[in-house]
J.: 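The structure that follows is given in the form of structure tokens.
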Amino acid sequence: METVTLTIKEQPPLFLEAEVFNPDSLASKTAQEIAALPLPMGKTTPVVGDYFTVSGKGGATAAETKVVVNGDLRKVKYIGAHMSAGEVVINGDTDMYVGAWMTGGKITAKGNIGDFAATAMKGGELIVEGNAGNYLGTSYRGDWRGMQGGRIHVKGNVGSDAGTFMMAGEIVIDGNVDVHVMTHADGGRTVIKGNAKSRLGGQMVQGEIYLFGSVDVMMPGFNYVGDVELEVEGVKATFAEYIGDTGERHPKSKGKLIYGKLYQKK
């Protein structure tokens with residue numbers, strides 16, 4: 001696997017839209033060719049080399065390309081967006097849309113990431129060693145299709161509205177999460193190892209939420225149906241099982257209604 005290393009050398013006056021910072025865009029390119037790629041900023045279009053030093057080269061294909069991005073990237077958006085294969089490593093905090101629309105490959109963010117990460121994700125893996133912002137793994141604004149596959153693991157905390165319109169895939173949050181998790185979800189699974197605030201599973205039709213900690217306010221549309229013994233993320237424990245959101249219309253299978261499930265560790 002060939003490696004392209006991009007290191008920020010100057011902070012931009014506005015936010016950079018780095019949609020080319022993924023293996024698909026950088027495969028088969030030399031450092032000189034990468035430095036000449038467009039890097040939109042507001043109404044202007046500087047090139048990568050204006051703000052980043054570039055070393056290494058892309059592999060023959062996306063799957064054979066690793067992209068390493070270094071520095072204070074809090075004014076850089078879209079790192080790893082649209083990637084289908086290969087690997088991206090982000091050494092620093094970054095802004096919005098990390099891994100948005102990704103269909104494959106692996107992203108490791110070693111700092112914090114901003115809002116709308118993994119928007120409409122369909123495949124691959126996103127690992128965040130810091131915190132993630134709001135709208136993790138959700139749909140794009142105005143769309144009803146959220147995360148549809150892949151796996152997200154956040155080792156820190158997550159903001160509000162994670163998994164909105166989620167359809168498939170998995171989100172694992174080691175820390176705490178803010179309000180609204182899997183709102184409008186129609187599938188998928190979210191594991192919260194810390195605490196949650198309110199509105200877990202609001203208007204959820206299908207899918208599963210596993211909560212290890214506390215929730216400030218349980219949605220009134222979720223009904224307790226009993227205790228179950230489960231193994232979740234390697235932990236065997238008793239969980240209280242709730243079904244919901246009972247205020248929503250639910251599909252039937254073999255004559256039985258299918259509900260979303262919320263399990264809270266006892």
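In what follows, every heavy atom counts, from backbone to side chain, and hydrogens, waters and symmetry copies are set aside.
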J.: Does Thr246 use its side chain to pair, donor to acceptor, with the backbone of Gly221 at less than 3.5 Å?
T.: yes

J.: What distance separates Glu87 CD from Met1 CE, expressed to the nearest 0.5 Å?
T.: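 If we round to the nearest 0.5 Å, Glu87:CD and Met1:CE are 6.0 Å apart.
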
J.: Look up atom OG in Ser28 and atom NZ in Lys57, then write down how far apart they are to the nearest 0.5 Å.
T.: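 Answer rounded to 0.5 Å: 10.5 Å.
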
J.: Verify side-chain contact (heavy atoms from CB on, under 4.5 Å) between Leu6 and Leu26, making sure each step is shown before the conclusion.
T.: CA-CA 11 Å; Leu6 302 156; Leu26 303 187; 4.3 Å; yes

J.: Hey, any chance Tyr224 and Met218 share a hydrophobic cluster, counting ILVMFWY side chains that come within less than 4.5 Å of each other, even indirectly?
T.: yes

J.: For residues Ile8 and Gly71, report the shortest heavy-atom separation together with the two atoms involved.
T.: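 Heavy atoms of Ile8 and Gly71 come nearest at CG2-CA, 3.9 Å.
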
J.: Roughly how far apart are Ile34 CD1 and Gln32 CD, rounded to 0.5 Å?
T.: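 Interatomic distance, Ile34 CD1 to Gln32 CD, rounded to 0.5 Å: 9.0 Å.
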
J.: Mind checking what makes salt bridge (charged side-chain N to carboxylate O under 4.0 Å, His left out) contact with Lys29, not counting sequence neighbours?
T.: none

J.: Would Val232 and Phe212 count as a side-chain contact (heavy atoms from CB on, under 4.5 Å) if you check the C-alpha gap in whole Å, the side-chain angles of each, and the deciding distance to 0.1 Å?
T.: CA-CA 9 Å; Val232 181; Phe212 281 57; 3.9 Å; yes

J.: Please test Val47 against Leu39 for side-chain contact (heavy atoms from CB on, under 4.5 Å), starting from the C-alpha separation and ending with a verdict.
T.: CA-CA 5 Å; Val47 296; Leu39 195 61; 5.9 Å; no

J.: Count I, L, V, M, F, W, Y as connected when their side-chain heavy atoms are under 4.5 Å apart, and connections chain through other members. Are Tyr135 and Leu200 then in the same cluster?
T.: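 No, because Tyr135 and Leu200 fall into different hydrophobic clusters, even though each may have its own neighbours under 4.5 Å.
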
J.: Determine the minimum heavy-atom distance between Gly49 and Lys9, stating which atoms define it.
T.: O-NZ, 2.8 Å

J.: Under a single-linkage definition using a 4.5 Å side-chain heavy-atom cutoff for Ile, Leu, Val, Met, Phe, Trp and Tyr, are Val20 and Met102 assigned to the same hydrophobic cluster?
T.: yes

J.: State which residues pass salt bridge (charged side-chain N to carboxylate O under 4.0 Å, His left out) with Asp72; sequence neighbours excluded, sorted by chain then number.
T.: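 If we apply the salt bridge (charged side-chain N to carboxylate O under 4.0 Å, His left out) test to Asp72, skipping adjacent residues, the hits are Arg74.
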
J.: Please report the interatomic distance CD1(Ile173) to CG(Leu211), rounded to the nearest 0.5 Å.
T.: 10.0 Å

J.: Of all heavy-atom pairs between Asp50 and Glu10, which one has the smallest distance, and what is that distance?
T.: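 Closest heavy-atom pair between Asp50 and Glu10: O-OE1, 4.2 Å.
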
J.: Evaluate Tyr97 against Tyr140 for side-chain contact (heavy atoms from CB on, under 4.5 Å), listing each step before the verdict.
T.: CA-CA 10 Å; Tyr97 291 111; Tyr140 190 63; 3.7 Å; yes

J.: List the atom pairs, with distances to 0.1 Å, where a side-chain N or O of residues 236-244 and a protein N or O form a donor-acceptor pair under 3.5 Å, not counting sequence neighbours.
T.:
{"from": "Thr238", "atom 1": "OG1", "to": "Glu229", "atom 2": "OE1", "distance (Å)": "3.1"}
{"from": "Thr238", "atom 1": "OG1", "to": "Glu229", "atom 2": "OE2", "distance (Å)": "2.5"}
{"from": "Glu241", "atom 1": "OE2", "to": "Lys261", "atom 2": "NZ", "distance (Å)": "3.4"}

J.: Could you report the tightest heavy-atom contact between Ala168 and Gln148, atom names first, then the distance?
T.: CB-O, 3.3 Å

J.: Just verifying a value: how many Å separate His250 NE2 and Met204 CE, rounded to the nearest 0.5 Å?
T.: 9.0 Å

J.: Do Ile192 and Met147 land in one hydrophobic cluster if side-chain heavy atoms of ILVMFWY residues count as linked below 4.5 Å?
T.: yes

J.: Holding to salt bridge (charged side-chain N to carboxylate O under 4.0 Å, His left out), I want the full list of residues that pass it with Lys155, two or more places apart in sequence or in another chain.
T.: none

J.: List, one per line, each side-chain donor-acceptor pair under 3.5 Å for residues 104-127, sequence neighbours excluded.
T.:
{"from": "Asn112", "atom 1": "OD1", "to": "Asn131", "atom 2": "N", "distance (Å)": "2.7"}
{"from": "Asp115", "atom 1": "OD1", "to": "Asn134", "atom 2": "N", "distance (Å)": "2.7"}
{"from": "Thr119", "atom 1": "OG1", "to": "Phe116", "atom 2": "O", "distance (Å)": "2.8"}

J.: If Ile, Leu, Val, Met, Phe, Trp and Tyr residues are connected whenever their side-chain heavy atoms lie under 4.5 Å apart, and connections chain through other members, are Val4 and Ile79 in the same group?
T.: yes

J.: Is atom CZ of Phe15 surrounded by more than 12 heavy atoms (other residues, nucleotides or ligands) closer than 6.0 Å?
T.: yes

J.: Can any side-chain N or O of Thr94 pair as donor or acceptor with the backbone N or O of Val76 at less than 3.5 Å?
T.: yes

J.: Taking only residues at least two apart or on different chains, which pairs with a member in residues 134-147 satisfy salt bridge (Lys or Arg N to Asp or Glu O under 4.0 Å)?
T.: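 Of all non-adjacent pairs touching residues 134-147, those that pass salt bridge (Lys or Arg N to Asp or Glu O under 4.0 Å) are Asp143-Arg145.
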
J.: Identify, with sequence neighbours excluded, every residue that meets salt bridge (charged side-chain N to carboxylate O under 4.0 Å, His left out) alongside Asp186.
T.: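 Applying salt bridge (charged side-chain N to carboxylate O under 4.0 Å, His left out) to Asp186 gives none.
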
J.: Residues in side chain to side chain contact (heavy atoms under 4.5 Å, CB included) with Met41, at least two apart?
T.: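 Counting only residues at least two positions away or on another chain, Met41 forms a side chain to side chain contact (heavy atoms under 4.5 Å, CB included) with Pro12, Pro13, Leu14, Leu16, Thr44, Pro46, Tyr51.
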
J.: What side-chain donor-acceptor pairs closer than 3.5 Å can you find for residues 175-184, not counting sequence neighbours?
T.:
{"from": "Asn176", "atom 1": "OD1", "to": "Asn195", "atom 2": "N", "distance (Å)": "2.7"}
{"from": "His184", "atom 1": "ND1", "to": "Gln203", "atom 2": "OE1", "distance (Å)": "3.4"}
{"from": "His184", "atom 1": "NE2", "to": "Gln203", "atom 2": "OE1", "distance (Å)": "3.3"}

J.: May I have the list of side-chain donor-acceptor pairs in residues 58-70 shorter than 3.5 Å, sequence neighbours left out?
T.:
{"from": "Thr61", "atom 1": "OG1", "to": "Ala63", "atom 2": "N", "distance (Å)": "3.4"}
{"from": "Thr61", "atom 1": "OG1", "to": "Glu64", "atom 2": "N", "distance (Å)": "3.4"}
{"from": "Thr61", "atom 1": "OG1", "to": "Glu64", "atom 2": "OE1", "distance (Å)": "3.0"}
{"from": "Glu64", "atom 1": "OE1", "to": "Thr61", "atom 2": "N", "distance (Å)": "3.4"}
{"from": "Thr65", "atom 1": "OG1", "to": "Gly59", "atom 2": "N", "distance (Å)": "2.8"}
{"from": "Thr65", "atom 1": "OG1", "to": "Thr61", "atom 2": "O", "distance (Å)": "2.8"}
{"from": "Asn70", "atom 1": "OD1", "to": "Asn91", "atom 2": "ND2", "distance (Å)": "2.8"}
{"from": "Asn70", "atom 1": "ND2", "to": "Thr7", "atom 2": "OG1", "distance (Å)": "3.2"}

J.: Tell me, which pairs form a salt bridge (Lys or Arg N to Asp or Glu O under 4.0 Å) where one or both residues lie in residues 217-227, sequence neighbours left out?
T.: Asp227-Lys266

J.: Would you give the length of the straight line joining atom OH of Tyr263 to atom OH of Tyr210, rounded to the nearest 0.5 angstrom?
T.: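 With rounding to 0.5 Å, OH (Tyr263) is 5.0 Å from OH (Tyr210).
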
J.: Show me the pairs that pass salt bridge (Lys or Arg N to Asp or Glu O under 4.0 Å) and involve residues 201-223, at least two apart or across chains.
T.: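 Every candidate salt bridge (Lys or Arg N to Asp or Glu O under 4.0 Å) pair involving residues 201-223 fails, so no pair, neighbours aside, qualifies.
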
J.: Between Lys265 and Leu230, is there a side-chain heavy-atom distance shorter than 4.5 Å?
T.: no

J.: Do Pro40 and Glu19 make a side-chain contact, defined as non-hydrogen atoms from C-beta onward lying under 4.5 Å apart?
T.: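 In short, these two side chains do not touch, never coming nearer than 4.5 Å.
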
